[in-house]
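Have a look at the structure below, then the notes.
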Amino acid sequence: MPPFPAPMSLHSAPTLQASLDSRRNNLDFLRFAAATCVLLSHAFPLGEGKGTVEPLESFTRGQFSLGRLGVAVFLIISGVLITRSWERTPDAARFVWARVLRIFPGLGAMLLLTVGVLGPAFTRLSLGDYFTAPDTALYLLGNFALNWPQWHLPGVFEANAYPHAVNGSLWTLKYEVGFYLLTLGLGLTGLLRKGMVIFGLVGAAVATFATGRLGFWPELYLYFGGGVALYQWREHVRMSPWVAAACVVGWLITARLGYGCRIATGLLGGYVVLYLAFRPMGALADFGRRGDLSYGVYLYAFPVQQAVSTLLGGPTAWWVNAAVAFPCVLLLAALSWRWVEQPALRRKDRLPAWVRRPAASVTAVPKTPSRPAGPH
């Protein structure tokens, strides 16, 4: 008998479909790790000041930060789960209602706490001037609407190492919601197919080299669309450690070359993320048993880190900012999950009447049924 088990061949590795059918996965841990990466990434400029370069930026020659990597992981996972959600229940009203409950209750609670508690505690203005300033209401309304984000509150964090910005993490939410709507539109028109997704990925890859009005849309679609493409080929994609290792090597090459790292993250990184999500399984598969804190960590980290910067009285080492902020962020994320996010998500199968009635006339274009997937 050989001392070590024979390596798994590609053909004997489980498919992504089989992995999705299993109830055990590491998705909750990966989302939490991604949110923590964003916190650690922000600790460099928030603790030490604008222009501070973090190690991953140096390693990738300015192509990628730890925060960008966290956002990419979020979007890759989202591409898989959102597409699966639509295919399992191709009903426009239910799809939209579930997405609204996932994004907006937690966001709204965080914004109310930011404007009503954090702002008054840290503003240099009198409370009367703070609450009557137009930017106070605009911060709440603009950030909740997603498409008109505002980064500052009157008199808040003006003397910080990274001044004025109250919550710089919110910029990604409009892209997340935009991809939800794109999935809905493609699903309703029958265009949520392999060919269309590949066409979108090629277009996004080309557009990442262009600048202009498209902004971050092409790059972020590479990550979301990479997850969608892997899901659509789920019966043929096998979760092999050798393929995952080859993808990592390819990503490292583009990182050190200083060219193509973002495209590689979309086209190769998605496979690595899903391999880590489903193979191997261990104690991390039970990570989210007591709650999903990832969204709360993402929402609350930046303002808490800015508050820590103010309380510490000036620039500090990045790790000090992260270490002091992290326990408070975890507490707020746990409270958000327990009292806001989880109660909202429990209502996703109970559509309100104003949503249910118009949805009766909306049906998706018929499509070939797929095998049932695991819970989402």
Side-chain angles (χ1 to χ4, degrees), residues 10-11 13-22 25 27 72-92 94-96 98-99 175-209 214 217-240 242-244 246-247 250-251 260 262-279 362-374 376:
L10 179 60
H11 293 293
T15 64
L16 177 56
Q17 175 68 71
S19 299
L20 285 165
D21 287 341
S22 171
N25 58 66
L27 288 171
V73 170
F74 271 125
L75 289 173
I76 289 166
I77 294 173
S78 183
V80 173
L81 298 184
I82 295 303
T83 307
R84 181 179 70 170
S85 178
W86 172 258
E87 289 201 350
R88 292 175 66 191
T89 310
D91 180 278
R94 291 184 179 276
F95 181 86
V96 171
R99 308 287 83 77
Y175 296 96
E176 178 85 8
V177 171
F179 295 139
Y180 295 166
L181 295 176
L182 176 63
T183 302
L184 174 62
L186 293 175
L188 288 172
T189 57
L191 296 177
L192 191 59
R193 298 172 181 172
K194 295 175 182 178
M196 179 59 70
V197 173
I198 293 301
F199 176 79
L201 285 173
V202 172
V206 172
T208 53
F209 295 105
L214 292 179
W217 287 105
E219 178 192 344
L220 298 185
Y221 181 77
L222 279 173
Y223 313 142
F224 184 87
V228 174
L230 286 168
Y231 177 78
Q232 292 188 323
W233 268 274
R234 61 195 178 278
E235 295 183 349
H236 306 286
V237 173
R238 294 190 176 273
M239 296 285 96
S240 165
W242 304 109
V243 176
C247 289
W251 187 89
R262 295 172 186 173
I263 294 175
T265 302
L267 302 183
L268 304 178
Y271 186 94
V272 177
V273 169
L274 294 183
Y275 176 80
L276 294 175
F278 296 108
R279 314 296 303 179
V362 180
T363 56
V365 175
K367 61 190 299 178
T368 303
S370 61
R371 294 175 57 192
H376 171 38

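Residues take their numbers from the sequence shown, with the count starting at 1. Source: prediction; values computed, not measured.
- Counting all heavy atoms, side chain and backbone alike, I263 lies closest to A205 at CD1-O, 3.6 Å.
- A distance of 6.5 Å separates OH in Y231 from CD in Q17, rounded to the nearest 0.5 Å.
- Closest of all the heavy-atom pairs between A244 and V272 is O-CG2, 3.7 Å.
- Using a 4.5 Å heavy-atom threshold, the side chains of L20 and V80 count as touching.
- Here the side chains of R99 and I82 are in contact, with some heavy-atom distance below 4.5 Å.
- Under the 4.5 Å side-chain criterion, counting only non-hydrogen atoms from C-beta, M196 is not in contact with L192.
- Nearest heavy-atom pair across A204 and P218 is CB-O, 3.4 Å.
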side-chain contact (heavy atoms from CB on, under 4.5 Å) between F95 and T89, intermediate numbers included
CA-CA 7 Å; F95 181 86; T89 310; over 6 Å; no
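- Scanning both residues, K194 and Q232, for their nearest heavy atoms gives CE-O, 3.1 Å.
- Atom OG in S78 sits 11.5 Å away from atom CG in L220 (nearest 0.5 Å).
- Residues S240 and Y271 meet the side-chain proximity criterion, which asks for heavy atoms closer than 4.5 Å.
- We find the CG-CD1 distance between L230 and I76 to be 8.5 Å, quoted to the nearest 0.5 Å.
- In this structure, N25 CG and F278 CZ are separated by 5.0 Å, a value rounded to the nearest 0.5 Å.
- Between the side chain of R84 and the backbone N or O of L81, no donor-acceptor pair lies under 3.5 Å.
- Summarising the geometry, atom CE belonging to M239 is positioned 9.5 Å from atom CZ belonging to R279; distances are rounded to the nearest 0.5 Å.
- Judged as a side chain to side chain contact (heavy atoms under 4.5 Å, CB included), and not counting sequence neighbours, the contacts of L201 are V197, I198, Y221, L222, A229.
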Mind listing the side-chain donor-acceptor pairs of residues 180-188 below 3.5 Å, one per line with the distance, residues two or more places apart or on another chain?
residue	atom	partner	partner atom	Å
Y180	OH	E176	OE2	2.6
T183	OG1	F179	O	2.9

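- Here L16 contributes atom CG and E235 contributes atom CD; the two are 10.0 Å apart, rounded to the nearest 0.5 Å.
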